[in-house]
Amino acid sequence: MISDWPALKAFALGLGLPRITVEHPWGNEALKAHGKMWCWWSPLVDAAVFRAEPEEREMLMQADPATFFLHPHYARSALVLVRAGHIDPGWARPRLIRDWRAAAPKRWLRDWDAAQTPDGPGRETG
């Protein structure tokens with residue numbers, strides 16, 4: 001399990017995806033993909049912040065409230081918090097890749113996909 005921001009940051013950067021930058025929005029370190037917030041740790045609670053549509057967020061929180069929760073600050077956003085020490089790399093990897101792909105300009109992503117091998121960094125394997 002991923003237990004803190006340094007471990008999550010190393011995990012995310014270890015995916016080998018291009019166009020990731022280390023930024024400091026609002027004074028807190030975060031990773032941006034294609035200039036958009038991609039991977040970060042909440043400065044309000046000891047938890048990672050992941051994208052999740054409200055319906056999915058509710059399902060995750062009901063299925064595993066020990067892992068997934070919501071701080072009032074994030075209630076209006078399509079985000080869910082994942083408690084420190086509860087971040088499963090098998091859950092986080094495809095989610096980070098999905099969110100990285102969603103942040104990419106479509107033309108750039110199409111060209112990048114065409115240049116990848118079947119098991120390259122942006123490809124999810126079965």
Side-chain angles (χ1 to χ4, degrees):
M1 295 293 178
I2 298 169
S3 60
D4 57 18
W5 170 242
L8 178 59
K9 177 182 168 185
F11 177 80
L13 292 172
L15 295 174
L17 300 169
R19 302 186 75 175
I20 302 298
T21 58
V22 178
E23 305 283 340
H24 293 85
W26 309 287
N28 298 295
E29 189 174 69
L31 299 178
K32 287 189 174 185
H34 311 279
K36 299 176 184 171
M37 290 289 285
W38 176 60
C39 182
W40 70 102
W41 204 262
S42 173
L44 305 171
V45 292
D46 193 20
V49 183
F50 283 90
R51 297 199 185 287
E53 292 301 320
E55 301 79 26
E56 180 189 21
R57 175 176 68 197
E58 291 304 316
M59 184 270 309
L60 290 169
M61 292 188 316
Q62 286 180 11
D64 188 357
T67 298
F68 302 100
F69 71 106
L70 186 61
H71 182 279
H73 176 78
Y74 301 101
R76 292 182 150 187
S77 302
L79 302 169
V80 69
L81 298 171
V82 185
R83 295 183 201 283
H86 291 255
I87 305 164
D88 180 348
W91 178 86
R93 183 182 190 281
R95 181 166 296 269
L96 288 169
I97 291 170
R98 178 198 72 187
D99 293 346
W100 174 86
R101 293 179 66 80
K106 299 308 174 214
R107 182 175 181 178
W108 182 90
L109 186 60
R110 189 173 47 250
D111 293 345
W112 189 78
D113 279 346
Q116 300 307 301
T117 61
D119 57 349
R123 302 291 186 155
E124 296 184 51
T125 58

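In this chain, numbering begins with 1 at the start of the sequence shown. What's counted below: heavy atoms across the whole structure, side chains too, no hydrogens, waters or symmetry copies.
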### Task
State whether the side chain of Arg57 and the backbone N or O of Arg51 hold a donor-acceptor pair below 3.5 Å, judged by distance alone.
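No; judged by distance alone, with no hydrogens or angles, the pair does not exist.
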### Task
Please check if the side chain of Trp38 supplies one atom and the backbone of Leu96 the other of a donor-acceptor pair under 3.5 Å.
yes
### Task
Grab the two heavy atoms, one from Lys106 and one from Ala102, that are nearest each other, plus how far apart they are.
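For Lys106 versus Ala102, the nearest heavy atoms are NZ-O, 3.8 Å.
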### Task
Kindly give the heavy-atom pair with the smallest separation between Pro54 and Ala78, and that separation in Å.
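Closest pair (atom of Pro54, atom of Ala78, distance): CD-CB, 4.5 Å.
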Just verifying a value: how many Å separate [X] [atom1] and [Y] [atom2], rounded to the nearest 0.5 Å?
X      : Y     : atom1 : atom2 : result
Phe50  : Tyr74 : CZ    : OH    : 12.5 Å
Trp100 : Leu15 : CH2   : CG    : 10.0 Å
Ile87  : Phe11 : CD1   : CZ    : 9.5 Å
Phe68  : His86 : CZ    : NE2   : 10.5 Å

### Query
What pairs with Glu56 under salt bridge (charged side-chain N to carboxylate O under 4.0 Å, His left out), at least two apart in sequence or on another chain?
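So Glu56 forms a salt bridge (charged side-chain N to carboxylate O under 4.0 Å, His left out) with Arg95.
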## Note on the structure
For residues 9-20, the salt bridge (Lys or Arg N to Asp or Glu O under 4.0 Å) pairs (sequence neighbours left out) are Lys9-Glu29
Are any of the side-chain heavy atoms of [X] and [Y] separated by less than 4.5 Å?
X     : Y     : answer
Met1  : Asp88 : yes
Met37 : Pro25 : yes
Trp5  : Cys39 : yes
Leu60 : Trp91 : yes

### Carboxylate-amine/guanidinium proximity below 4.0 Å for Asp113 and Arg101
yes
#### Entry: Plane angle bin for Trp112 and Trp108 - parallel if under 30°, tilted between 30 and 60°, otherwise perpendicular
parallel
### Message
Check for me, please, whether Trp41 and Leu13 land in the same ILVMFWY cluster - side-chain distances under 4.5 Å, paths through other members count.
### Response
yes
### Query
In this structure, which one of Thr67, Val45, Leu44 forms a side-chain contact (heavy atoms from CB on, under 4.5 Å) with Leu81?
Val45
